[in-house]
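The model shown is predicted, which means the values in this text are computed figures rather than measured ones.
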Amino acid sequence: MTGFARTKSVALVGLDGHVVDVEADIGQSLPAFSIIGLPDQAVNESRERIRAAARNAGIKLPARKITVNLSPATLPKRGSHFDVAVVMAVLTAHGAIRAASDTVYLAELGLDGSLRPVRGVLPAVHAAVLHGHSTVVVARENYEEARLVSGAEVTAVSHLAELLVMHGADPQLLNRVPGGSKSPDGCTDTAENTEAPDLRDVVGQIEGRQALEIAAAGGHHLMMVGPPGAGKTMLAERLPGILPDLDDHQSLEVTSIHSLRGDSRCSELIRRPPLQAPHHSITTPALCGGGSGIPRPGAISLAHRGVLFLDEAPEFERRVLDTLRQPLESGTVTIARSQNVSRYPAKFQLVLAANPCPCGQAEGVGNRCTCTAHKRHRYFNKLSGPLIDRVDLQLRVPAVTYHELNSARGEPPEDSASVAERVGAARAAQRERLARYGLQLNSDVPGSLLRKALSPERHTVQSLKKAMDNHTLTARGYIRVLRVAWTLADLAGAGSPSSEHVQLALFFKTTVTS
């Protein structure tokens with residue numbers, strides 16, 4: 001008996017999904033099973049998984065030459081999620097079942113015939129729907145994630161025998177009684193539902209709170225320098241709490257990245273801006289993405305639409321820090337390999353925290369610092385000038401005094417909800433002003449637009465002219481100061497930046513490096 005059949009699956013390159021035709025041909029030659037079309041080791045090993053799974057489900061593969069082609073053949077195929085698509089194509093070509101050629105299958109097979117969950121289901125289903133293939137079959141544990149894609153008709157299955165019966169196999173010939181439903185529940189989100197840190201917990205730090213609000217309102221990057229225990233980490237951890245919720249498009253994007261990493265199986269779209277705070281020993285591939293084969297997203301992509309917090313920033317390797325320069329400008333990270341190029345979104349807010357010196361005692365009354373000038377220079381030299389120039393707000397965070405720490409009887413600090421209201425109002429003003437240019441945030445406004453259509457009155461930027469003439473401000477810094485000035489105007493409800501807004505923005509830009 002000879003036969004031919006076709007099913008479909010999806011190959012992911014970065015977040016870009018490509019629909020793959022899984023073609024099976026059964027010939028008259030001696031028994032063999034070959035998979036062609038640039039499969040990786042996991043796809044090649046599927047032959048043994050498929051043989052055992054089909055046998056344990058009650059249907060043996062034909063004792064003929066089986067050839068499976070994954071088309072397009074020039075696209076690398078990686079991962080175990082092709083298993084079910086391959087076995088369905090082979091059994092359809094054999095005549096044991098009748099699988100639809102336009103159904104997309106995304107699941108791994110266990111040797112006992114069980115369908116096992118895979119990572120990257122959300123972007124894969126999204127790609128399938130975009131290409132006009134709405135019928136998708138996934139493992140039961142991936143159902144809640146797959147159904148998040150609008151327009152997808154998702155079928156969840158726990159065992160191969162159930163799937164074979166759905167496509168015409170005789171239940172009496174199978175080794176497992178089919179059961180379950182197409183709309184199961186029980187898939188859980190592994191993320192803990194913990195309460196977000198609140199700004200009411202931050203004692204003192206008036207300028208720090210103001211800088212945090214400005215950063216949240218305009219999407220600006222922030223750097224804080226201060227002694228240990230001053231509250232730098234507390235402030236950074238509370239930045240996501242005053243950012244607005246993600247919209248539908250942003251939520252799908254962020255959830256797809258986390259799905260691809262396999263960190264959790266989410267039953268709902270991620271609506272809150274994420275926070276990533278990697279340890280200073282992180283490597284470049286872990287920060288920007290990488291790995292063998294098709295690169296996986298790194299910490300900067302996991303922080304997409306959220307906050308990347310680098311505590312003790314001078315302790316990071318300088319070459320690791322400098323890899324942030326391109327993503328900070330473009331909002332994407334491109335990872336090139338010999339066979340493919342992967343692109344991941346990486347539009348995040350960078351927050352850097354640093355001590356004033358290696359021992360941390362270089363500031364304050366008494367100045368107990370024992371660091372030499374050479375040690376201080378080497379410590380801050382990890383933060384290159386081009387990287388610092390991309391940071392909009394620079395702030396010195398002083399140590400908290402005894403009076404501030406024990407002023408419990410006074411008026412309590414403002415909470416995150418109150419600050420978030422002002423941030424939301426400022427962002428609404430930005431959207432209204434920038435809608436005609438296709439932009440949403442002041443941090444997205446290009447320099448050409450700030451110098452022309454959105455340029456403040458000439459007399460309001462005299463301080464910037466003086467700073468550039470004194471070489472304390474670069475052309476990039478000039479643009480970033482104007483962006484912050486517009487954010488200050490939005491927070492104040494003003495129609496355009498005043499000279500006071502520009503001077504305050506300049507202060508925040510140069511207070512650490514001056």
How long is the straight-line distance from [atom2] of [Y] back to [atom1] of [X], given to the nearest 0.5 Å?
{"X": "Arg6", "Y": "Ser71", "atom1": "CZ", "atom2": "OG", "value": "8.0 Å"}
{"X": "Leu239", "Y": "Gln349", "atom1": "CG", "atom2": "CD", "value": "5.0 Å"}
{"X": "Lys452", "Y": "Leu450", "atom1": "NZ", "atom2": "CG", "value": "12.0 Å"}
{"X": "Ile35", "Y": "Arg47", "atom1": "CD1", "atom2": "CZ", "value": "6.0 Å"}
{"X": "Leu12", "Y": "Asp16", "atom1": "CG", "atom2": "CG", "value": "8.5 Å"}
{"X": "Leu387", "Y": "Leu352", "atom1": "CG", "atom2": "CG", "value": "6.0 Å"}

Any donor and acceptor pair, going by atom type alone, linking the side chain of [X] with main-chain N or O of [Y] inside 3.5 Å?
{"X": "Thr92", "Y": "Ala99", "value": "yes"}
{"X": "Lys77", "Y": "Gly37", "value": "yes"}
{"X": "His133", "Y": "Val129", "value": "no"}
{"X": "Gln430", "Y": "Asn442", "value": "yes"}
{"X": "Thr135", "Y": "Thr103", "value": "no"}
{"X": "Arg261", "Y": "Pro297", "value": "yes"}
{"X": "Thr7", "Y": "Ala85", "value": "yes"}
{"X": "Glu48", "Y": "Glu45", "value": "no"}
{"X": "Thr323", "Y": "Val320", "value": "yes"}
{"X": "His18", "Y": "Ala11", "value": "no"}

Under the side chain to side chain contact (heavy atoms under 4.5 Å, CB included) rule, collect the residues that match up with Ser416, sequence neighbours excluded.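 Side chain to side chain contact (heavy atoms under 4.5 Å, CB included) check on Ser416 returns Asp198, Leu199, Ile242.
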
For the residue pair [X] and [Y], establish whether any side-chain heavy-atom pair is separated by less than 4.5 Å.
{"X": "Leu15", "Y": "Ile257", "value": "yes"}
{"X": "Leu302", "Y": "Pro274", "value": "no"}
{"X": "Ser46", "Y": "Ser80", "value": "no"}
{"X": "Glu329", "Y": "Arg390", "value": "yes"}
{"X": "Thr155", "Y": "Val136", "value": "no"}
{"X": "Phe348", "Y": "Leu328", "value": "yes"}
{"X": "Leu222", "Y": "Asp392", "value": "no"}
{"X": "Thr67", "Y": "Asn69", "value": "no"}

Please evaluate residues Glu108 and His81 with respect to the criterion side-chain hydrogen bond (donor to acceptor under 3.5 Å, both in side chains), reporting the C-alpha separation (whole Å), side-chain torsions for both, the decisive distance (0.1 Å), and the verdict. CA-CA 5 Å; Glu108 177 185 325; His81 63 278; over 6 Å; no

For a quick test of your reading: what N or O donor-acceptor pairs under 3.5 Å do the side chains of residues 111-122 make, sequence neighbours left out?
| from | atom 1 | to | atom 2 | distance (Å) |
| --- | --- | --- | --- | --- |
| Asp112 | OD1 | Ser114 | N | 3.1 |
| Asp112 | OD1 | Ser114 | OG | 2.8 |

Would Asp322 and Arg325 count as a salt bridge (charged side-chain N to carboxylate O under 4.0 Å, His left out) here? Give the steps. CA-CA 6 Å; Asp322 281 343; Arg325 287 155 56 177; 3.7 Å; yes

Parallel, tilted or perpendicular, judged at 30° and 60°: which one describes the rings of His167 and Tyr105? tilted

Pick out which of Val125, Val137, Val154 makes a side-chain contact (heavy atoms from CB on, under 4.5 Å) with Leu106.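 Among Val125, Val137, Val154, the one that satisfies the side-chain contact (heavy atoms from CB on, under 4.5 Å) with Leu106 is Val125.
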
Could you walk me through whether Ser251 and Val254 pass the side chain to side chain contact (heavy atoms under 4.5 Å, CB included) check? CA-CA 5 Å; Ser251 296; Val254 171; 6.0 Å; no

Would you name the heavy atoms of [X] and [Y] that are closest together and state the gap between them?
{"X": "Ala5", "Y": "Ala93", "answer": "CB-N, 3.4 Å"}
{"X": "Pro240", "Y": "Arg272", "answer": "O-NH2, 2.6 Å"}
{"X": "Ala128", "Y": "Val10", "answer": "CB-CG2, 4.2 Å"}
{"X": "Ala299", "Y": "Pro278", "answer": "CB-CG, 4.5 Å"}
{"X": "Ala303", "Y": "Gln276", "answer": "N-CG, 3.7 Å"}
{"X": "Ala156", "Y": "Ala139", "answer": "CB-O, 4.3 Å"}

Looking only at side chains, do His220 and Thr487 share a donor and an acceptor under 3.5 Å apart? yes

Could you verify whether a donor N or O on one side chain and an acceptor N or O on the other, from Asn142 and Arg147, lie under 3.5 Å apart? no

Salt-bridge present ([X], [Y]; N to O < 4.0 Å):
{"X": "Lys8", "Y": "Asp21", "result": "yes"}
{"X": "Arg140", "Y": "Glu162", "result": "yes"}
{"X": "Asp444", "Y": "Lys347", "result": "yes"}
{"X": "Arg271", "Y": "Asp248", "result": "yes"}
{"X": "Arg480", "Y": "Asp389", "result": "no"}

With side chain to side chain contact (heavy atoms under 4.5 Å, CB included) as the criterion, how do Val341 and Ile335 come out once you've worked through the C-alpha distance, each side chain's angles and the decisive distance to 0.1 Å? CA-CA 6 Å; Val341 176; Ile335 308 168; over 6 Å; no

If you look only at distance, which donor and acceptor atoms sit under 3.5 Å apart when one is on a side chain in residues 305-312 and the other is two or more places apart or in another chain?
| from | atom 1 | to | atom 2 | distance (Å) |
| --- | --- | --- | --- | --- |
| Asp311 | OD2 | Thr233 | OG1 | 3.0 |
| Glu312 | OE1 | Asn355 | ND2 | 3.2 |

Around atom CZ of Arg98, are there more than 12 heavy atoms of other residues, nucleotides or ligands at under 6.0 Å?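 Counting neighbours around CZ of Arg98, 12 or fewer heavy atoms of other residues, nucleotides or ligands fall under 6.0 Å, so no.
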
Does Trp486 form a side chain to side chain contact (heavy atoms under 4.5 Å, CB included) with Val445? I'd like the steps, not just the answer. CA-CA 10 Å; Trp486 270 105; Val445 180; over 6 Å; no

Verify salt bridge (charged side-chain N to carboxylate O under 4.0 Å, His left out) between Arg238 and Asp201, making sure each step is shown before the conclusion. CA-CA 10 Å; Arg238 282 149 181 80; Asp201 303 326; 3.4 Å; yes

Can you list the steps and then say if Arg296 with Ser301 is a side chain to side chain contact (heavy atoms under 4.5 Å, CB included)? CA-CA 10 Å; Arg296 296 295 179 186; Ser301 293; over 6 Å; no

